[in-house]
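Shown next, in structure tokens, is the structure this report addresses.
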4 protein chains.
Amino acid sequence: MRQWGVFGSSRIKDIEVLNCEYGKNTIKFLRLHREGKKHFVKEVEVCTHLRLTSAHEYLDGNNSLVIPTDTIKNIVLVLAKKNGIPTLEQFAIDICKHFMTTFCQVAYVKTYVQEVPWQRLHENGVPHVHSFICVPDGIRFCEAEQCRNGPLVVFAGIKDLKLMKTTQSGFEGFYKNEHTTLPERKDRILCGELFCKWSYGECKDFDFDCIWNKIRECILEAFSGPPDCGEYSPSYQKTVNSIQMLVLSKVSQVQVIEVVLNNTFYNVVDMKNLGLTNDKEVLVPVETPYGSCACTLGRKKFLEAQGHVLKDERQSQFGLATAQGN
Amino acid sequence: MRQWGVFGSSRIKDIEVLNCEYGKNTIKFLRLHREGKKHFVKEVEVCTHLRLTSAHEYLDGNNSLVIPTDTIKNIVLVLAKKNGIPTLEQFAIDICKHFMTTFCQVAYVKTYVQEVPWQRLHENGVPHVHSFICVPDGIRFCEAEQCRNGPLVVFAGIKDLKLMKTTQSGFEGFYKNEHTTLPERKDRILCGELFCKWSYGECKDFDFDCIWNKIRECILEAFSGPPDCGEYSPSYQKTVNSIQMLVLSKVSQVQVIEVVLNNTFYNVVDMKNLGLTNDKEVLVPVETPYGSCACTLGRKKFLEAQGHVLKDERQSQFGLATAQGN
Amino acid sequence: MRQWGVFGSSRIKDIEVLNCEYGKNTIKFLRLHREGKKHFVKEVEVCTHLRLTSAHEYLDGNNSLVIPTDTIKNIVLVLAKKNGIPTLEQFAIDICKHFMTTFCQVAYVKTYVQEVPWQRLHENGVPHVHSFICVPDGIRFCEAEQCRNGPLVVFAGIKDLKLMKTTQSGFEGFYKNEHTTLPERKDRILCGELFCKWSYGECKDFDFDCIWNKIRECILEAFSGPPDCGEYSPSYQKTVNSIQMLVLSKVSQVQVIEVVLNNTFYNVVDMKNLGLTNDKEVLVPVETPYGSCACTLGRKKFLEAQGHVLKDERQSQFGLATAQGN
Amino acid sequence: MRQWGVFGSSRIKDIEVLNCEYGKNTIKFLRLHREGKKHFVKEVEVCTHLRLTSAHEYLDGNNSLVIPTDTIKNIVLVLAKKNGIPTLEQFAIDICKHFMTTFCQVAYVKTYVQEVPWQRLHENGVPHVHSFICVPDGIRFCEAEQCRNGPLVVFAGIKDLKLMKTTQSGFEGFYKNEHTTLPERKDRILCGELFCKWSYGECKDFDFDCIWNKIRECILEAFSGPPDCGEYSPSYQKTVNSIQMLVLSKVSQVQVIEVVLNNTFYNVVDMKNLGLTNDKEVLVPVETPYGSCACTLGRKKFLEAQGHVLKDERQSQFGLATAQGN
């Protein structure tokens, strides 16, 4: 356990530093690559955070080891210029490696990279050499992080993916008591915004673009089922699990996978007092409150190799997460 | 000129009512249509506003002619149930017609309809019978409005369409004085969010879906130019005009067209003091402040038939528009 | 009627330019003023738009008269440096005057200014010399605009002002038909977001800060009624009107006033099937859809001097307003 | 370590469930309390999440133990009706206790409560009996959580608190290398959005309102320093620490405190090429990218009693946090 008492200040002798990190958020830039007349764009938003080996800057106002966030931004841009962005993941890895190898005062580095979803325009099927349209049907992101003397680990994911199926979904046989007013349903709309993040474990030489596309396909397939008939979902939870199981069965590089599904309920409008029968033809989305379910699965072999702690056995007493809500 | 003095209240004898309208905004619902196992969805957000022939409810608190906004919502949902949503425009027309024919106290009705961009999912090219993904690459909307004894007029449009071209754009030969610091540029990125709205004039029996798709194609084509080489844009203004001219030349049903292009400037990062040459490879988007240009063009024949007033000749002194900004 | 045929392009001989304007939006800056150790801040967001006397830049790509939006930004910053921001309104006036007197190619200029609501911090009642907190309980804004050879007119307003009264509000005696399901209510919550904008008419030497504060007080007073008992509101419309009438009766400088009230309905939760009686103790806000009512009143003398056109007599056929919704 | 192999499904024999929770988010409601003519409002937004003792619903689609999120919502509303909301914290505690004592299948419960910042209106200093204005100058929130057989722990906090000081801030003596371009500054603006969350440890009978107000005062005092002169801040980090140290020294009930300060840099506009000297009078806020610094401090005695793990010694390999960014 690291003790901060070495700083000797009587003001803080009974106080311990549990975490202190800082960095630059939303470093937005476009990396343009040209091959003759054909242009390729990668626009990203990068966040890079550091934890230093001491906390002097916090406790004593001594900045001598502080790498300014302005310098962090410069380094991100310089690396983009020098290396390009072969994949989001490789770029995040490059950034982490740079900080860890260049600055001995860095104890921990984390980099998040998110992509602006530009797609090449096509005219009558012909790809345009330099024109693009923004198509935000799910946002790709990744993270890389490293502690000094620890492995460089890599995550990737998709967020803001909105999906809907208009049948093959129900919710029955749930627990009931005096506070239950929800009726059982055999046929409802299932609609939600999906967040999916997975860990590749230690950084390896993967084809990150290919894997990401494969996982996106798995998500869509597990969500919707066969195109001619779909597949029945007994709950949002089961759909979450189906997505995870399909990814784990088809993509061996994924070690841990988390899926969060925030669901919008569609309420069939009761039109009796308007003299009409509404056979699930007109439905109103209920955006607040909304249900949310989240599950994290991991491969046993991987987890055992790490000696991990299950969430059941700890609470977030001092890992004070940021506030929920908007 | 309508005088409100008839209400006889001494408090208001020197005051005139310039406008009073009310309505229901963001009536969101999903209209589900089934053909056997195949499902079709149309999710929309509707705003319907009315102006009544009197202003008693404002001036005297007399509600006897007020159609509650809750009733407005019910009517919108009932019409969706009864008529379906063949096209956004037809649905807006249906709503306006209903209010104008049902309620003699309605002096004016306006309806705005915006679509949630659900697209059918495909698995290996096979369309799914009931699964959809949200793809917000430009939002389709329309408006219909009618004054009592006036024509029902119809508008349509696209908004939140983000486009970029990475070359074939410059800005030179502009007006310069002591406050000019912008250098001339022959080769820059042109990027912006496009808003386009057009008038069909009086309501007619058009194929609104087909026209809308054709106009979207015109916008993309005029913005980007031929796929193998693009077309040089000397300014955002000229690009706006090119879009309008192409639409007007190819789509005879459009009588008036407005285009607003809010542009994001991409600043080439100066890396000299970082020891590097940046040949437009790393660029930073400047999101605030941003430039905006807007142009409205109309067909002379149409305008002359209406006896219109040009904006040059009036200011917005009492047509108090809502605040800009967020 | 201005004809664009003089440009002689055969492509556009049947087309008329109804409007073309451009400008810079969200020019954000802080103006810091020091008096010894005491600091005064004014942080604003400015939008300035121009219409030029010709439309060559749109039609021909000729930029020779175009004042770049970057120059517009520079001018706004230079004026802030030279003149300070005595009031938002005076600053907007300064900007309009500058463009109209400096550039003969400017046919019309409009400037919008919005304030970031910094308030001086107090410690135990003592004002701090240089520390501030952001308190967004209603945002102050103004607009100024001028056509060449026309008057410079000034508007001001408040937006995003959220108010609630928990009683003294009802809605009864409204129009009913087969689509009415809303019950009458004698006692409900009235809650909404208020937008209020007024015209001072031609620019004069007013104490804009003093008037703005007085109007804000009128709004709060008319909304809530006497502090010990309130005042009954029979509808949102009547509350809107009460606000307008109080402002017009107390503030002679206001010539025209628009109020928009977007209301959030609070639904009393039915707890019967949960075995409880809910005497308006637990209420759920209904955020979508929401009702909106808007009214614009003007002083007759002022309007008659302008020879204005009532909204009843025109529709927005070519004054294509921007899309509603988000 | 909990093994999910008991479910016996061969599909998942190599997979472990690291976490699975679900719940209802943004349960918004108003709790109205009346004392004669005087009304008191508490509008809140509640999120309640559960983890069950089994994961059958995820793995097998067996819903028999699942308490629907609709029931969770009902319970939150019923508790609000029965108990009122004496304080946010007490309400969060009530919710957690209810779930833990009522449902034996609940392994873990967490509740987040956020307040809508309604303030009573005053007219000429007289408080209004039933009218309120929304004043979002920092949002109050709290959390309570409990594992079965574990303590009920309580957190509270403030977010979205925007503060600025226009002097008494600098940044000097920082680490420099070839990627450093930031100049040292002795006098700059310090401006940021503050997030502060603290732990009370195990649930006790505190005066939560009084403590929260005291902590808010500490934050403002430590940020701004004495009202007549302020106090010099050598970095954002040191300001964060000053806030934490003041809270810890003045509020004995706080065991752990996290502060995150997201800072907006104000760039002094270079006006040389516009022929002007700008003595920090006109400054432009740089909103992206932005710096962020975060620190968590805890009392040693409290931490030692918990046997905690420092962040240095673990990475977030399977505690897959949600994506950063917007």
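Below, chains carry the letters A, B, ... as their sequence lines are ordered, and counting in each starts from 1.
Of the atoms belonging to B/L161, it is side-chain heavy atoms, and not backbone ones, that fall under 4.5 Å from chain A. Heavy atoms of A/L274 lying under 4.5 Å from chain B belong exclusively to its side chain. When heavy atoms are compared at a cutoff of 4.5 Å, B/L283 approaches chain A by way of both its backbone and its side chain. Heavy atoms of A/K280 lying under 4.5 Å from chain B belong to its backbone as well as its side chain. Proximity to chain B (any heavy atom under 4.5 Å) is shown, for A/Q119, by neither the backbone nor the side chain. At a 4.5 Å heavy-atom cutoff, A/E193 makes no contact with chain B through either its backbone or its side chain. For A/I189, the part lying near chain B is the side chain, with the backbone staying farther off; criterion is any non-hydrogen pair under 4.5 Å. The contact between A/C229 and chain B is made by backbone and side chain atoms together, counting heavy-atom distances below 4.5 Å.
Top candidate by heavy-atom pairs under 4.5 Å with chain A, chosen from B/G230, B/P136, B/G138, B/G275, is B/P136. Heavy-atom pairs under 4.5 Å with chain B peak, among A/L190, A/T277, A/L30, A/N267, at A/L30. Listed options B/K165, B/K162, B/M271 were ranked by heavy-atom pairs under 4.5 angstrom with chain A; first place goes to B/K162. Across B/L276, B/V269, B/T167, B/V135, the residue that shares the most heavy-atom pairs under 4.5 angstrom with chain A is B/T167. Ranked by non-hydrogen atom pairs under 4.5 Å with chain B, the options A/D137, A/V284, A/T166 are led by A/T166. Ranked by heavy-atom pairs under 4.5 Å with chain B, the first of A/N278, A/D279, A/L163 is A/L163.
In this view, B/E89 and B/R140 satisfy the side chain to side chain donor-acceptor pair (under 3.5 Å) rule, not counting sequence neighbours.
Residues of residues 210-223 of chain A having a heavy atom under 4.5 Å from any heavy atom of chain B, listed by number: A/R216, A/L220, A/E221. Proximity to chain B at a heavy-atom threshold of 4.5 Å picks out A/N74, A/L77, A/V78, A/A80, A/K81, A/K82 from residues 73-83 of chain A, in numerical order.
Annotation: the span from A/L32 atom CG to B/M164 atom CE amounts to 9.0 Å, rounded to 0.5 Å. If you take OG1 on A/T264 and NZ on B/K28, they are separated by 9.0 Å, rounding to the nearest 0.5 Å.
For the pair A/P285 and B/F29, the tightest heavy-atom approach, listed with the atom from each and the gap, is CD-CA, 3.9 Å.
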Just list the side-chain donor-acceptor pairs under 3.5 Å for residues 123-132 of chain A, sequence neighbours left out, or say none.
unit_1	atom_1	unit_2	atom_2	d
A/E123	OE2	B/S224	OG	3.1
A/H128	ND1	A/H130	N	3.1
A/H128	ND1	A/S131	N	3.2
A/H128	ND1	A/S131	OG	3.4
A/H128	NE2	B/S224	O	2.8
A/H128	NE2	B/G225	O	3.1
A/H128	NE2	B/P226	O	3.1

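A/R34 and B/E281 are not joined by a salt bridge, as no carboxylate oxygen comes within less than 4.0 angstrom of a charged side-chain nitrogen.
In this structure the side chain of B/R31 reaches within 4.5 angstrom of the side chain of A/V282, judged on heavy atoms.
Other residues, nucleotides and ligands contribute at most 12 non-hydrogen atoms within 6.0 Å of the CD atom of A/E231.
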